[in-house]
J.: 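This structure is in structure tokens; I'll ask about it shortly.
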12 protein chains.
Amino acid sequence: MSAFLLLNGPNLNLLGTREPGVYGATTLADVETQCRATAQRLGFGLESFQSNHEGALIDRIHDAGRRHQAGEIAGVVFNPGALTHTSIALFDAIGGVKPLPVIEVHISNVHAREAFRHHSYISPAAAGIVVGFGTDGYTLALEGLARKIAAGRA
Amino acid sequence: MSAFLLLNGPNLNLLGTREPGVYGATTLADVETQCRATAQRLGFGLESFQSNHEGALIDRIHDAGRRHQAGEIAGVVFNPGALTHTSIALFDAIGGVKPLPVIEVHISNVHAREAFRHHSYISPAAAGIVVGFGTDGYTLALEGLARKIAAGRA
Amino acid sequence: MSAFLLLNGPNLNLLGTREPGVYGATTLADVETQCRATAQRLGFGLESFQSNHEGALIDRIHDAGRRHQAGEIAGVVFNPGALTHTSIALFDAIGGVKPLPVIEVHISNVHAREAFRHHSYISPAAAGIVVGFGTDGYTLALEGLARKIAAGRA
Amino acid sequence: MSAFLLLNGPNLNLLGTREPGVYGATTLADVETQCRATAQRLGFGLESFQSNHEGALIDRIHDAGRRHQAGEIAGVVFNPGALTHTSIALFDAIGGVKPLPVIEVHISNVHAREAFRHHSYISPAAAGIVVGFGTDGYTLALEGLARKIAAGRA
Amino acid sequence: MSAFLLLNGPNLNLLGTREPGVYGATTLADVETQCRATAQRLGFGLESFQSNHEGALIDRIHDAGRRHQAGEIAGVVFNPGALTHTSIALFDAIGGVKPLPVIEVHISNVHAREAFRHHSYISPAAAGIVVGFGTDGYTLALEGLARKIAAGRA
Amino acid sequence: MSAFLLLNGPNLNLLGTREPGVYGATTLADVETQCRATAQRLGFGLESFQSNHEGALIDRIHDAGRRHQAGEIAGVVFNPGALTHTSIALFDAIGGVKPLPVIEVHISNVHAREAFRHHSYISPAAAGIVVGFGTDGYTLALEGLARKIAAGRA
Amino acid sequence: MSAFLLLNGPNLNLLGTREPGVYGATTLADVETQCRATAQRLGFGLESFQSNHEGALIDRIHDAGRRHQAGEIAGVVFNPGALTHTSIALFDAIGGVKPLPVIEVHISNVHAREAFRHHSYISPAAAGIVVGFGTDGYTLALEGLARKIAAGRA
Amino acid sequence: MSAFLLLNGPNLNLLGTREPGVYGATTLADVETQCRATAQRLGFGLESFQSNHEGALIDRIHDAGRRHQAGEIAGVVFNPGALTHTSIALFDAIGGVKPLPVIEVHISNVHAREAFRHHSYISPAAAGIVVGFGTDGYTLALEGLARKIAAGRA
Amino acid sequence: MSAFLLLNGPNLNLLGTREPGVYGATTLADVETQCRATAQRLGFGLESFQSNHEGALIDRIHDAGRRHQAGEIAGVVFNPGALTHTSIALFDAIGGVKPLPVIEVHISNVHAREAFRHHSYISPAAAGIVVGFGTDGYTLALEGLARKIAAGRA
Amino acid sequence: MSAFLLLNGPNLNLLGTREPGVYGATTLADVETQCRATAQRLGFGLESFQSNHEGALIDRIHDAGRRHQAGEIAGVVFNPGALTHTSIALFDAIGGVKPLPVIEVHISNVHAREAFRHHSYISPAAAGIVVGFGTDGYTLALEGLARKIAAGRA
Amino acid sequence: MSAFLLLNGPNLNLLGTREPGVYGATTLADVETQCRATAQRLGFGLESFQSNHEGALIDRIHDAGRRHQAGEIAGVVFNPGALTHTSIALFDAIGGVKPLPVIEVHISNVHAREAFRHHSYISPAAAGIVVGFGTDGYTLALEGLARKIAAGRA
Amino acid sequence: MSAFLLLNGPNLNLLGTREPGVYGATTLADVETQCRATAQRLGFGLESFQSNHEGALIDRIHDAGRRHQAGEIAGVVFNPGALTHTSIALFDAIGGVKPLPVIEVHISNVHAREAFRHHSYISPAAAGIVVGFGTDGYTLALEGLARKIAAGRA
């Protein structure tokens with residue numbers, strides 16, 4: 001069975017334990033549980049990886065790219081955290097593993113926050129973008145990804 | 001029964017009839033049918049309005065704001081088309097009818113297109129944003145909106 | 001008897017019913033009543049027009065320009081709302097009906113709000129500008145306009 | 001017989017009656033007469049539409065696009081007025097009715113005026129651009145359009 | 001009896017003696033006479049101070065702030081001249097004497113002049129702004145200030 | 001008999017021999033033949049000059065300015081090539097030979113190409129501008145120039 | 001006993017061994033010795049961590065945040081090196097472990113160096129900033145931090 | 001005995017009496033007392049000067065420069081207030097009295113406030129910078145200055 | 001006998017005593033002696049004024065303007081120091097005393113120094129500009145001013 | 001025998017396996033083989049290191065710096081990948097190990113790609129730059145480096 | 001006898017024959033006569049060269065550089081015309097012939113004209129700058145140059 | 001036998017005779033000798049052309065383009081000097097003679113010099129770029145060019 005990769009960048013390990021006003025009280029473990037259930041309902045497995053290291057995220061995207069060719073990874077749901085706004089290397093990593101589809105997710109509405117959060121290096125390479133739905137955004141992203149795959153558009 | 005308002009801005013009446021490479025072959029009527037089904041499954045009705053006139057869209061948002069207070073309109077899924085990038089008046093209209101939740105939808109990935117499509121005046125006022133899922137974005141938006149309402153976050 | 005035209009742009013129909021923290025509780029109808037009294041005290045009639053449509057505002061300015069030549073409209077007090085910041089067409093409309101004097105009014109202090117509200121396309125064409133006096137700004141504008149007319153400067 | 005559409009945007013109804021120093025004394029009716037004669041000489045009919053409403057202009061462009069497929073409209077000569085500089089929606093409308101050729105016309109030399117008139121959202125989508133020939137620019141545009149059509153380049 | 005402070009910045013001592021095309025023929029003494037009469041009609045005294053020294057203006061604003069607490073100064077009508085565009089220290093001075101209300105006045109329409117006159121450091125701290133009414137702007141400002149005080153909004 | 005000067009800047013000697021996708025297959029010699037015929041039909045002679053040297057183009061514009069005073073050169077149709085975007089000296093040369101009318105021509109639609117081609121130093125000094133009609137733009141320019149001369153506007 | 005965390009970013013391991021003209025001859029080990037003495041005098045322990053890996057610094061800040069809640073870490077003195085100017089992720093990490101106080105230190109005067117060193121993503125989140133005192137800046141920062149803690153402001 | 005000069009710019013005379021949320025409740029007199037004690041502990045005298053006049057601050061810096069050569073003034077701790085962001089003349093004054101060391105102090109964290117407070121003309125000329133430690137920043141600056149002097153680096 | 005006013009802004013009192021590498025060893029007193037001799041040779045007296053206070057410079061320019069009308073002051077040679085780059089009030093003062101001619105002088109080549117010294121608010125109002133001739137620039141300016149006066153161009 | 005260090009940044013492990021249109025079909029192993037042969041011909045050994053982690057690259061540059069002092073590493077040929085455009089820390093690392101010479105290499109012509117690839121933080125610190133020669137650029141860089149060393153310029 | 005080189009760039013051959021409102025009625029021949037007299041009074045010969053070709057100006061500067069070493073050319077007075085604002089090659093040419101002193105002259109006040117004339121690539125390399133004295137600027141420049149040479153500063 | 005064209009722009013004739021600190025002591029004649037030897041070793045002839053005239057360089061590029069089609073010129077090694085940063089016409093010339101390969105060379109590291117040298121109009125059209133290797137850069141470029149030709153990539 002093909003799996004989705006749930007990928008989270010810097011500081012998302014703090015989810016639910018800090019700044020609940022911005023990010024809600026759901027923890028990363030809760031998100032994983034929620035996503036696993038959704039993925040299974042959609043007929044996929046789920047792998048999850050979080051790191052505060054840009055290099056580790058790139059390594060994992062490369063790994064997903066290789067396993068996509070082997071049919072093991074169907075797509076990625078990726079919240080790059082603050083690296084969204086600064087990492088061209090992640091943009092290149094996603095470009096380097098095409099046609100693996102990557103959905104960009106942000107929990108809060110980044111456009112209602114500081115100006116330096118309005119630009120994303122990731123967006124031009126993303127197959128889809130989901131912003132501002134809290135942690136529900138992850139499951140919406142999985143559903144959208146599944147429809148893309150079903151429609152042969154990813 | 002409370003309804004969702006599906007709101008579409010300039011040129012979206014051309015959907016499916018023009019530039020299928022960018023927007024796909026689904027027509028606006030198809031989208032309405034699709035959304036009506038999704039809304040019903042989620043327990044809501046659906047109203048749909050498209051206009052090439054900024055003023056007409058503002059009028060309709062005001063109307064939705066009044067009817068939200070009366071419990072008739074639960075939320076709005078809005079693709080503002082090119083007005084996304086130029087209309088502060090629409091931003092003010094959405095701000096003026098708070099707490100009516102408005103989800104911003106773009107069919108194509110605007111961040112992979114011309115630079116003048118990367119900025120949105122609507123986003124800071126949006127309750128959520130869905131970009132790049134083709135016309136499936138409308139139904140994802142409805143589902144996300146329904147979850148927000150169910151969770152008491154909209 | 002010559003009249004003043006009170007002209008209001010997008011979202012000002014919501015006045016007094018929404019965002020009282022920013023705009024106060026006075027409604028647009030209250031403003032009209034207040035302005036009619038002030039105009040009469042100054043020896044003028046009052047007409048009032050509000051629209052969320054840029055085109056309708058331009059049409060009305062053209063109409064006022066023609067009637068200014070006939071001595072029917074003495075001047076305009078205009079709150080363009082969000083179109084202040086985006087409409088060169090309104091700037092051209094005012095330029096096109098010179099020497100009809102147009103006073104620009106903003107209820108709140110736009111310079112203490114978002115950066116995109118700091119620039120006005122209307123101001124260079126305005127005969128005078130009144131900002132931040134709440135709805136009293138409309139009556140101050142009428143008084144200033146009357147003095148300009150009395151002094152032969154408008 | 002196929003026709004050209006002469007399309008004029010905001011404030012061009014004032015042509016010849018205001019600011020003759022910038023725009024000359026020719027009225028919009030004069031321009032229509034002039035263009036009808038030119039079109040007939042070139043073997044085409046002429047339809048003319050002017051509006052101060054962006055939405056109405058978009059509607060008319062869509063209509064022209066449909067009738068171009070039916071062979072009724074051969075091309076458009078369009079002076080978008082101030083919307084030239086602010087309307088991405090008109091740019092999208094023209095893009096949405098391709099291959100209908102649209103020639104952009106400006107009566108005055110916009111590059112010798114205010115800086116905000118130097119940029120045009122319409123130009124990248126235009127089949128040709130004619131600037132600074134006064135109202136003769138409309139007939140030059142019709143002639144250029146006819147040559148493009150004759151050459152099979154439009 | 002509480003008084004208004006009429007405060008004028010650099011070069012306003014030249015008023016009426018220089019550049020009458022831009023500023024009119026009224027002198028600063030005329031303005032003071034005019035304002036004194038208006039203040040008295042509104043039930044207030046009037047003090048007037050002009051200086052070409054930024055520091056002297058700050059000192060006077062501090063003094064007014066202290067006397068506002070003692071009920072001696074009801075508010076300030078301030079034309080900062082060219083310091084409008086360069087002095088953050090004046091902005092801080094006004095912020096430092098809150099809630100003393102300060103109305104910003106400009107005699108000419110600064111937005112129809114050089115680009116460096118379009119931005120004001122003072123505006124975000126101003127209780128109201130009056131621009132382009134010639135020297136009548138001072139009396140309009142006093143009237144607007146009186147209404148704010150009467151309405152308990154200053 | 002008075003003549004038109006057809007002036008072409010850097011790289012236009014390559015016309016028709018290179019990049020036909022952008023510039024078409026018509027050579028500069030073809031353009032000259034075409035323009036000579038048009039000029040004759042309009043009652044004018046034609047001189048043609050192309051150079052890759054900015055200084056040589058300035059020299060020729062000065063020469064045309066002197067001969068305009070002698071009634072020998074009626075006007076100039078000028079495609080400055082890439083110097084359009086970088087040469088203030090050409091702008092000054094045209095300004096220095098006023099009232100000799102100069103029409104700016106671009107074969108391709110420069111506004112649909114790289115951003116550095118969107119600005120023209122020549123345009124503010126041009127009597128008219130014709131863009132995007134292929135090599136037909138030269139003859140349109142000659143016709144527009146003839147009408148300006150006939151109307152006493154050049 | 002509660003401890004301070006001395007945190008140093010990329011290239012600070014080179015301290016004292018390279019570019020003594022900019023950074024002096026004191027090594028990172030010297031700094032640690034100096035800081036330990038200062039911390040002890042102020043009644044605190046000292047931990048020290050240096051890494052060239054952004055992710056490792058984020059991990060350590062998270063760790064410090066958890067231990068701050070347990071009373072083990074009283075505050076952080078942080079020299080982020082070049083990450084100061086590029087890392088939003090570090091800004092978020094500091095924001096995510098509030099109210100742990102973090103003092104930003106730069107050894108040299110970054111404002112007298114290249115323009116790209118003038119902006120700091122860290123500063124808005126910093127409890128205090130010490131710049132240009134050489135390696136003495138670390139001990140000044142510890143003293144300032146201790147006073148904030150003593151005053152209950154951190 | 002050599003003395004430190006404590007120099008404060010515009011509005012710092014209001015310290016402790018206004019905006020305690022931003023600047024704390026300590027008055028300028030309190031700061032002077034605090035600094036005098038610190039200076040004495042470090043073996044220096046203390047002079048203090050505050051002015052809202054840029055020119056007076058420049059005069060005092062020049063005076064300190066002369067007295068530095070005479071061994072009377074050992075260094076300056078300077079909070080330039082809002083002049084930080086606008087005064088190149090103060091930057092030049094500090095440059096003109098080299099090698100007199102000047103430490104720049106800001107009570108609040110200017111980088112967490114308005115964008116126009118993020119740039120300092122003073123910083124490139126400062127021997128050290130202390131930001132965000134409240135009024136303790138003045139004493140930290142004195143201590144840092146004393147260490148620089150002791151180390152022969154000032 | 002009519003006199004020239006030699007006006008010097010902030011920090012120019014330090015001339016010759018500081019930074020001889022940039023400004024040379026000539027003192028302000030030397031400059032005055034040199035300029036008095038030059039003025040006498042040209043048939044004029046000389047007054048000299050230096051201040052570190054912008055307001056004092058404005059006051060003196062106003063005074064010169066009044067005395068120009070009385071034939072006492074023939075023109076001004078002005079080195080505004082760092083106020084060159086920041087003071088719109090000085091620009092307005094010069095504009096307010098027209099037609100008094102003011103020559104702007106800079107001792108060093110400001111264009112070979114920091115970027116913030118490249119822009120001058122004074123230059124657009126200056127009758128002439130002399131830069132980079134060391135203190136000889138003052139006497140060149142006097143000579144140029146005398147020629148302007150002799151030619152009736154000032 | 002002294003060796004060259006071949007250093008490759010993020011995503012260069014994908015070389016030859018992905019996007020052959022941009023980067024060619026040569027793998028990183030091929031590049032190493034090619035470079036080893038070239039180095040040997042030039043009389044040097046070769047070490048190779050690739051990482052997707054910025055910190056690991058900095059660590060390796062520090063290591064090379066230490067070994068350069070010991071005569072073990074003669075120079076570095078470095079393709080920083082996307083970190084070229086974002087990493088000031090790598091710039092500092094290279095600056096911190098001077099005089100170790102570092103040649104910057106890019107396989108594709110970065111100046112013909114997205115605008116965000118046009119700026120390099122690495123270039124100002126590089127001893128030489130080779131761009132756009134495909135994987136041959138690595139060997140050209142080794143040759144250029146060898147000549148610099150031979151000429152005593154590195 | 002050593003000579004000065006009077007060098008004039010594009011369009012200065014038109015001097016006195018065109019745009020006398022901006023440049024006066026003096027011709028380039030008049031300027032040469034005037035400058036020859038001044039040079040002779042100062043003990044120098046004069047050579048004069050004008051070209052509309054950037055390359056020819058560079059060639060002549062190189063020639064002057066060689067002859068400066070031979071004692072034939074003492075210095076250059078250069079009005080680069082519009083190339084001032086666009087030619088880095090001229091800047092390099094002047095840098096390449098150091099220490100030959102070059103004085104930059106502009107007849108009109110470029111800072112009171114279009115914004116694109118405010119920046120000069122030549123100024124940072126100029127030994128002195130004279131602006132806005134009409135054609136007298138050339139003789140002032142010669143005098144200033146002679147003083148620099150006499151003082152051993154050129 | 002096919003030849004390489006060595007093309008040098010403005011001021012490169014000064015090579016070796018001026019500014020050896022930046023460019024070294026090798027003359028242009030030395031470079032030609034060096035390059036001829038390299039070309040011969042690689043099996044090619046060498047032609048060399050230097051001009052300070054942009055137009056002459058364009059002419060020569062066109063000539064090379066024609067002769068490339070005839071197999072006479074294999075490729076170009078081009079150091080455009082300062083025209084690198086200002087000449088779109090050279091960019092167009094290179095684009096107009098495709099597929100003739102042109103390698104851009106800079107002797108010094110332009111990225112470590114003034115900001116206006118960081119941008120190149122030539123780079124996007126270059127087949128390869130070599131920067132900062134001194135005059136060795138020319139021979140590296142020839143070698144790289146030869147490899148491109150051998151590999152069929154040019």
Side-chain angles (χ1 to χ4, degrees), chain I residues 20-21 23-26 34 38 42 75 77 84-85 91 94-95 98 101-115 117-154, chain K residues 20-21 23-26 34 38 42 75 77 84-85 91 94-95 98 101-115 117-154:
Chain I
Y23 300 103
T26 311
Q34 213 175 35
T38 301
L42 295 165
V77 167
T84 302
H85 319 299
F91 168 74
I94 295 171
K98 278 194 174 157
V102 177
I103 309 295
E104 180 182 354
V105 172
H106 299 289
I107 295 169
S108 65
N109 184 349
V110 285
H111 300 287
R113 299 178 65 193
E114 302 97 323
R117 294 196 207 271
H118 297 185
H119 175 258
S120 163
Y121 276 117
I122 308 304
S123 289
I129 306 166
V130 177
V131 176
F133 288 92
T135 52
D136 281 345
Y138 290 105
T139 51
L140 284 173
L142 289 172
E143 287 165 10
L145 183 51
R147 292 185 206 176
K148 275 186 184 273
I149 291 167
R153 279 181 289 106
Chain K
Y23 298 104
T26 311
Q34 213 175 36
T38 301
L42 295 164
V77 167
T84 303
H85 319 300
F91 168 74
I94 297 171
K98 279 192 175 160
V102 178
I103 309 295
E104 179 183 355
V105 172
H106 299 290
I107 295 171
S108 65
N109 184 347
V110 285
H111 301 288
R113 299 177 65 193
E114 301 97 327
R117 295 197 205 270
H118 297 186
H119 175 259
S120 163
Y121 276 117
I122 308 305
S123 289
I129 306 165
V130 176
V131 176
F133 289 92
T135 51
D136 281 346
Y138 289 104
T139 51
L140 284 173
L142 289 172
E143 288 164 9
L145 182 51
R147 292 184 206 178
K148 275 187 183 272
I149 291 166
R153 280 179 289 103

J.: Any donor and acceptor pair, going by atom type alone, linking the side chain of D136(K) with main-chain N or O of G144(I) inside 3.5 Å?
T.: no

J.: Using the ring pair (Phe, Tyr, Trp, His ring centres under 6.0 Å) criterion, which residues pair with H85(I)? Sequence neighbours excluded.
T.: none

J.: Start with the C-alpha gap between F133(K) and K148(I), add the side-chain angles, then the distance that decides, and say whether side chain to side chain contact (heavy atoms under 4.5 Å, CB included) holds.
T.: CA-CA 7 Å; F133(K) 289 92; K148(I) 275 186 184 273; 3.7 Å; yes

J.: As an exercise: rank A127(K), A151(K), A141(K), G128(K) by heavy-atom pairs under 4.5 Å with chain I and give me the winner.
T.: G128(K)

J.: With a 4.5 angstrom heavy-atom cut-off, which part of L145(K) approaches chain I: side chain, backbone, both or neither?
T.: backbone

J.: Any idea which heavy atoms bring E143(I) and L140(K) closest together, and the distance?
T.: CB-CD2, 4.0 Å

J.: Under 4.5 Å between any side-chain heavy atoms of V131(I) and E104(K), yes or no?
T.: no

J.: Check ring pair (Phe, Tyr, Trp, His ring centres under 6.0 Å) between F91(I) and all other residues, then give those that pass, not counting sequence neighbours.
T.: F116(E)

J.: Using modelled atom types and a 3.5 Å cut-off, is there a donor and acceptor pairing between side-chain atoms of N109(I) and backbone atoms of A126(K)?
T.: yes

J.: Could you tell me which portion of S120(I) (side chain, backbone, both or neither) has an atom closer than 4.5 angstrom to a non-hydrogen atom of chain K?
T.: neither

J.: Could you walk me through whether I122(K) and H111(I) pass the side chain to side chain contact (heavy atoms under 4.5 Å, CB included) check?
T.: CA-CA 9 Å; I122(K) 308 305; H111(I) 300 287; over 6 Å; no

J.: Which pair of heavy atoms, one from P124(I) and one from A112(K), lies closest together, and at what distance?
T.: O-CB, 3.8 Å

J.: What distance separates H119(K) NE2 from H118(I) NE2, expressed to the nearest 0.5 Å?
T.: 7.5 Å

